*Asks:* 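Next up is a structure, given as structure tokens.
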Amino acid sequence: MNYILFDGPVRSALLPFTFTRPVADIRVGILTIREKWEKYLGSTTTTLTEEYLSEKYPMVELEDNVMINASFLPNQILIEMISNLEPNQAIFRGETVIAFYTQDTQEEVDFESYTIIDFENEVLTIDHTWDIFAKNDAAIREDFELLTADRISEKIPKSVNVISPEHIFIEGGAKLEFVTLNASMGPIYIGKNSEIMEGSVIRGPFALCEEAQIKMGAKVYGATTVGPHCRIGGEVNNSVLFGYSNKGHEGFLGNSVLGEWCNIGADSNNSNLKNNYEEVKLWSYETEGFEKTGLQFCGLMMGDHSKCGINTMFNTGTVVGVSANIFGSGFPRNFVPSFSWGGASGFSTYITKKAFETARLVMDRRHVDFTDQDKAILEHVFEESKKWRKE
């Protein structure tokens, strides 16, 4: 069967992260949403997304296709239902389509002609940016079971101070000595060729992905995911780093999400709780205003390729777009548009030529090419985000 993951109606609610990727390539738990579906299905997937992303994330459409809403995370019950779909059948949860079996082109889908199957079981969904960290606890637990079933962990080194070792899984090539791992509150997954340096203290649920690194003396609380090739240090709590991002020094990152190729300067901090303990509001790209999150704790949402200088202070519930460069004293505003350059004293436009030069240098350090596709995507984001910048 040919499986296609589509963005669905929540794409705008997941900006700035979906400026540069389909919904399916958001990381929550240990794996990206796409990786979860492919592991459950035992099959590769392609993507139906925005046109400007489609060259990098193409769709392969055959005569028989099962379309899957990428904002839904797979579980065994849902996989069984999808595997049993027949042509012109669709699975709905309330008014939202989860999956459907089509033999038509996507412009011709009419659910009036479909047999509707109701899904009434529990399922994790990613509907808002803050769901990425708020539901990360449950997502790590599900991915841990998926990845470690019927497998044997590498041995925990004797120098490691460990609580609940039965809930710890270490992949081959991982390095860790003289650290503390407490898995009594949730599982701890340590990925292939990753490293935890001496003196670090980690409480689960926690995921350290392939080639990622934790610096000496770090304090990490669950539910935190450190994506592939990321570096973290200092204090981190209930945060998700997608991949290739750095928060390598002292300072606090809490209830936050960083995309790819971000860098947090030394001694930078974000607030995750308002002084008056009120519900946090977060910038919405859909309404172009600040909307309630229903959360008391909510920190920083930072899109791909954004950076901040040393000693940067982020207010509770700050949204930073793509390719922003923030520096200077004081608190910058709690919505920083894409391709902004500056800080509390004001912003100017971060011109694409300079932004692309930096992106190329940063990616080259990790032996990753800054491709023409990457450039075209960022150029589109630059144009799309003009209306929020003060030119």
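On a predicted model such as this, the values are computed, not experimentally measured, just so you know. Position 1 is the first residue of the sequence; numbering continues from there.
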*Asks:* Does one side chain, of E291 or T287, offer a donor that lies under 3.5 Å from an acceptor on the other?
*Replies:* yes

*Asks:* Please tabulate, for side-chain N and O atoms in residues 226-237, each donor-acceptor pair with protein atoms closer than 3.5 Å (sequence neighbours left out).
*Replies:*
| residue | atom | partner | partner atom | Å |
| --- | --- | --- | --- | --- |
| R231 | NH1 | E211 | O | 3.1 |
| R231 | NH1 | H229 | O | 3.4 |

*Asks:* Is D110 reaching over with its side chain to a backbone N or O of E112, donor-acceptor style, under 3.5 angstrom?
*Replies:* yes

*Asks:* Does R21 pair with D304 as a salt bridge, N-O distance under 4.0 Å?
*Replies:* yes

*Asks:* Less than 4.0 Å between a side-chain N and a carboxylate O, is that true for E279 and K274?
*Replies:* no

*Asks:* Is any side-chain N of the basic residue among R27 and E35 closer than 4.0 Å to the acidic one's carboxylate O?
*Replies:* yes

*Asks:* Taking the ring of Y285 and the ring of F19, is the distance between their centroids below 6.0 Å?
*Replies:* yes

*Asks:* Does the side chain to side chain contact (heavy atoms under 4.5 Å, CB included) test come out yes or no for F339 and K386, once each step is laid out?
*Replies:* CA-CA 9 Å; F339 292 92; K386 269 185 176 179; over 6 Å; no

*Asks:* Could you tell me whether the side chain of H380 reaches within less than 4.5 Å of the side chain of E50, counting heavy atoms only?
*Replies:* no

*Asks:* Go through the structure and list residues passing salt bridge (charged side-chain N to carboxylate O under 4.0 Å, His left out) with R333, not counting sequence neighbours.
*Replies:* none

*Asks:* Can you give me the closest heavy-atom contact between P165 and I156, atom names plus distance?
*Replies:* CB-CD1, 3.7 Å

*Asks:* Regarding T371 and D374, is there a side-chain donor-to-acceptor distance under 3.5 Å anywhere?
*Replies:* yes

*Asks:* Counting the benzene-type ring for Trp, do F356 and F370 have ring centres under 6.0 Å apart?
*Replies:* yes

*Asks:* Between D118 and R93, is there a side-chain N and carboxylate O pair less than 4.0 Å apart?
*Replies:* no

*Asks:* As a quick check of understanding, evaluate ring pair (Phe, Tyr, Trp, His ring centres under 6.0 Å) for F100 and F111, giving each step before the final call.
*Replies:* CA-CA 9 Å; F100 59 98; F111 290 119; 5.0 Å; yes

*Asks:* If we count only N and O atoms by modelled type, under 3.5 Å, do the side chains of T316 and S271 hold a donor and an acceptor together?
*Replies:* yes

*Asks:* Taking 4.0 angstrom as the limit, do R360 and D364 come out as a salt bridge?
*Replies:* no

*Asks:* Do Y101 and Y114 make the cut of ring centroids closer than 6.0 angstrom?
*Replies:* no

*Asks:* Are the aromatic rings of F242 and F17 close, with centres under 6.0 Å apart?
*Replies:* yes

*Asks:* Using every non-hydrogen atom in the two residues, find where L253 and N270 come nearest and quote the distance to one decimal.
*Replies:* CA-OD1, 3.0 Å

*Asks:* Suppose we call two aromatic rings close when their centres sit under 6.0 Å apart. Are F206 and Y189 close by that rule?
*Replies:* no

*Asks:* Would you check if there is a donor-acceptor pair between the side chains of R203 and T180 at a distance under 3.5 Å?
*Replies:* no

